[in-house]
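Everything numeric here is computed off the predicted structure, so don't read it as measured data.
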Amino acid sequence: MLNHGQVVRLIFGLKLRELRQERALSPAELARVCDVSVSYLNEIEKGKKYPKADKILSLSKALDVRYDQLTSLELPRRLEPIGELLNSKLLKEFPLEMYGLEPARIIELIANAPARMNAFISTIFEIARNYEMRQEHLFLAALRSFQEMHDNYFEDVEQDVRAFVGSNQLSTAAPFDLGQLERVLTEEYGYTLDRETLGQHPVAQQARLRSVFQPKARRLLMRPGLSRGQQAFVLGREVAFNYLKLTERPYVSSSPQVSTFDVVLNNFKASYFAGALLMEEESLLRDVKKVFGAKKWSPDLLLDLMTQYDVSPEMFMQRLTTLLPRHFGLQSLFFLRFDQTDASTPFELTKELHLARLHNPHGNELNEHYCRRWVSLRLMDEARALPVPDTAAAPVTVAGAQRSRYFGTEDEYLCFTLARAGTPTQPALSVTVGLRCDGNLRAHVRFLADPALPFRIVNETCERCPIPDCESRAAAPTEIVRLAEKAAFEAAVEALVQGNS
């Protein structure tokens with residue numbers, strides 16, 4: 001992270017270089033006038049050193065500017081985007097070191113080519129404005145990149161879970177005993193658990209908040225009616241915030257407000273901890289190997305395993321994404337979560353993770369219709385079609401698998417999906433893990449050769465799909481038509497230029 005001192009030094013250096021060049025002075029000429037060495041002046045201009053007051057006074061006189069003008073944090077108009085970036089919360093809070101980027105290196109890049117960096121930064125800002133990108137979008141994208149860098153497996157958190165279980169003498173037998181987590185929170189961390197207040201609060205009801213933590217009172221509010229798995233996740237995450245000493249954290253579940261990257265990262269660590277705690281690594285690995293070893297595919301293979309651990313579909317599938325790359329060598333993996341507010345609203349891709357390469361589909365802001373041939377969307381419709389006794393009943397959960405091959409390519413993935421839906425007016429979701437079909441997958445998943453396993457040709461969105469007579473099409477292939485018209489126009493123009501028409 002860039003600290004305030006680094007920002008001040010860099011801005012001073014950028015201004016100094018800009019003023020020196022405007023006055024057609026070489027570094028040697030300015031250094032001689034101010035009685036400093038050329039190397040020292042270079043370090044100042046690169047933001048590595050900040051001169052003392054007497055040297056600043058000499059520089060201001062030599063450049064014919066006021067002392068306060070030279071020391072202010074305002075940059076010339078031409079370099080304003082750089083100043084905006086340097087003074088933004090984004091760069092100050094972004095953990096550059098986590099990606100192997102030293103702040104000094106960023107400073108050097110900006111200092112060595114300020115004009116080019118300014119043009120690049122201006123371009124990024126313009127793209128962000130045009131696509132209405134917010135700070136949380138960048139933070140979440142950075143988190144996904146961080147997960148991809150580590151194949152979504154974090155040995156340090158896994159060890160922390162094992163240490164926590166050992167120090168508190170907990171049982172990890174599935175399903176995990178909630179009473180153990182409640183005891184740790186109340187006796188060791190001084191929590192009070194409240195399962196009534198959120199049920200009576202209109203805003204919490206409207207937003208369907210699962211939990212709220214009140215730090216002053218150390219009171220954890222949990223929405224009445226949460227499933228056992230949902231409660232376990234909330235409690236496990238609270239344990240993680242305390243055990244891992246993660247002070248910067250969200251206090252409201254599913255809150256859209258993201259203040260800093262540390263909040264995003266710490267929330268991920270706590271969620272990872274909770275999943276690893278509730279689904280113990282070695283036990284789940286043994287169970288997954290049994291599922292993969294089955295000769296025939298059956299939806300019950302997934303449903304029974306999820307039921308055994310008594311967790312939510314998303315928790316279960318997220319945990320698979322941490323273990324499959326590490327222990328099965330299945331790095332070419334993706335995770336997708338689709339949501340639908342009710343049966344009449346569009347499907348939204350709300351979470352995604354792509355390891356090794358950028359698989360489709362991925363999030364888009366184009367209001368296009370995702371391909372209905374994906375098992376992710378088909379299962380949501382199937383779950384909605386199942387009978388639900390009454391509106392208060394628990395949503396129906398269904399499982400499915402499908403070999404999905406991208407149209408026009410040899411890229412094929414085995415997709416596992418869990419979908420949950422209630423009545424047509426209630427929300428629905430699906431979570432999918434996709435694994436590239438290659439020799440490694442065939443060696444691990446025996447039922448991949450099962451002829452009864454569904455197979456479909458898929459694409460990304462209907463608007464960009466040329467599959468003829470698609471029975472699942474939700475929109476016309478408008479982008480395909482547009483590209484064809486553009487190609488025809490360009491061909492006609494080229495023929496005109498060549499004198500062929």
Side-chain angles (χ1 to χ4, degrees), residues 157-158 160-201 204 208-215 217-246 249-254 266-284 286-287 302-320 322-323 392-395 397 418 420 429 431:
V157 183
E158 300 281 352
D160 287 331
V161 169
R162 291 190 284 269
F164 170 76
V165 168
S167 63
N168 288 276
Q169 299 182 333
L170 304 182
S171 168
T172 58
F176 197 94
D177 181 7
L178 293 186
Q180 299 180 108
L181 299 180
E182 293 181 353
R183 175 179 58 80
V184 170
L185 285 173
T186 55
E187 295 180 7
E188 186 167 342
Y189 298 123
Y191 272 51
T192 299
L193 305 182
D194 181 339
R195 289 183 168 88
E196 297 180 1
T197 301
L198 287 188
Q200 302 164 0
H201 196 287
R208 297 182 61 80
L209 300 180
R210 289 186 180 180
S211 65
V212 174
F213 178 61
Q214 298 174 333
R218 299 195 68 74
R219 182 183 299 274
L220 179 63
L221 312 181
M222 301 172 65
R223 191 179 78 211
L226 291 181
S227 69
R228 186 187 176 284
Q230 290 170 333
Q231 293 183 61
F233 179 73
V234 170
L235 295 172
R237 202 173 62 146
E238 289 300 322
V239 165
F241 285 129
N242 287 272
Y243 184 75
L244 301 179
K245 296 180 173 58
L246 305 175
R249 51 156 296 179
Y251 295 120
V252 179
S253 64
S254 305
N266 290 343
N267 186 58
F268 165 74
K269 289 180 178 179
S271 300
Y272 188 107
F273 184 102
L277 179 63
L278 301 176
M279 290 168 277
E280 194 271 328
E281 186 171 13
E282 294 301 323
S283 297
L284 184 56
R286 287 194 297 269
D287 294 331
L302 270 187
L303 290 173
D304 291 347
L305 193 53
M306 185 186 73
T307 302
Q308 176 183 332
Y309 286 89
D310 200 3
V311 291
S312 71
E314 183 168 2
M315 289 173 60
F316 179 73
M317 299 297 256
Q318 289 273 21
R319 184 60 172 150
L320 289 184
T322 68
L323 300 183
T397 300
L418 290 168
R420 174 170 287 180
L429 70 85
V431 283

Please identify which of these residues, Q308, R228, M279, meets the side-chain contact (heavy atoms from CB on, under 4.5 Å) condition with P175.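 With P175 as partner, Q308, R228, M279 yield a single side-chain contact (heavy atoms from CB on, under 4.5 Å), made by R228.
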State whether a side-chain donor-acceptor pair under 3.5 Å links Q214 with Y251.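 No.
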Between the side chains of R195 and Q231, does any donor sit under 3.5 Å from an acceptor?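 Yes - a donor-acceptor pair under 3.5 Å links their side chains.
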Just how far is it from atom [atom1] of [X] to atom [atom2] of [Y], taken to the nearest 0.5 Å?
X: L198; Y: L221; atom1: CG; atom2: CG; result: 4.5 Å
X: F176; Y: L181; atom1: CZ; atom2: CG; result: 4.5 Å
X: T172; Y: L277; atom1: OG1; atom2: CG; result: 8.5 Å
X: Q318; Y: F233; atom1: CD; atom2: CZ; result: 8.5 Å
X: N266; Y: K245; atom1: CG; atom2: NZ; result: 13.5 Å
X: L246; Y: F268; atom1: CG; atom2: CZ; result: 12.0 Å

Check step by step if side-chain contact (heavy atoms from CB on, under 4.5 Å) holds for V234 and F213. CA-CA 10 Å; V234 170; F213 178 61; over 6 Å; no
So does E238 pair up with R218, basic N to acidic O under 4.0 Å?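 Not counted as a salt bridge, because no side-chain N and carboxylate O are separated by less than 4.0 Å.
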Expected output: side-chain N168 to main-chain L170 donor-acceptor under 3.5 Å: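 No: the side chain of N168 does not pair with the backbone of L170.
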What pair of heavy atoms forms the shortest contact from [X] to [Y], and how long is it?
X: T397; Y: P313; result: CG2-CG, 4.2 Å
X: A274; Y: G236; result: CB-C, 3.7 Å
X: P250; Y: N267; result: CG-OD1, 3.4 Å
X: D160; Y: L244; result: OD2-CD2, 3.3 Å
X: L278; Y: Y309; result: O-CD2, 3.9 Å
X: M306; Y: S312; result: SD-C, 4.1 Å

Is there side-chain contact between [X] and [Y], with at least one heavy-atom pair below 4.5 Å?
X: M317; Y: L320; answer: yes
X: M315; Y: R319; answer: no
X: L235; Y: L220; answer: yes
X: Y272; Y: E158; answer: yes
X: E281; Y: R162; answer: yes
X: S253; Y: R223; answer: no

A quick test of your reading: do over 12 heavy atoms of other residues, nucleotides or ligands sit less than 6.0 Å from CZ of R208?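 Counting neighbours around CZ of R208, 12 or fewer heavy atoms of other residues, nucleotides or ligands fall under 6.0 Å, so no.
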E196 atom CD: more than 12 heavy-atom contacts under 6.0 Å: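 Open.
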Which class fits the ring pair Y243 and F164: parallel under 30°, tilted 30 to 60°, perpendicular over 60°?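 Answer is perpendicular, since the angle exceeds 60°.
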Are L429 and L418 close enough, and set up right, to give a side-chain contact (heavy atoms from CB on, under 4.5 Å), and what steps lead you there? CA-CA 8 Å; L429 70 85; L418 290 168; over 6 Å; no
Checking N242 against E188 for the side-chain contact (heavy atoms from CB on, under 4.5 Å) test, could you report, in this order, the C-alpha distance in whole Å, the side-chain angles of both residues, the deciding distance, and whether it holds? CA-CA 10 Å; N242 287 272; E188 186 167 342; over 6 Å; no
Can you list the steps and then say if R420 with E314 is a salt bridge (Lys or Arg N to Asp or Glu O under 4.0 Å)? CA-CA 10 Å; R420 174 170 287 180; E314 183 168 2; over 6 Å; no
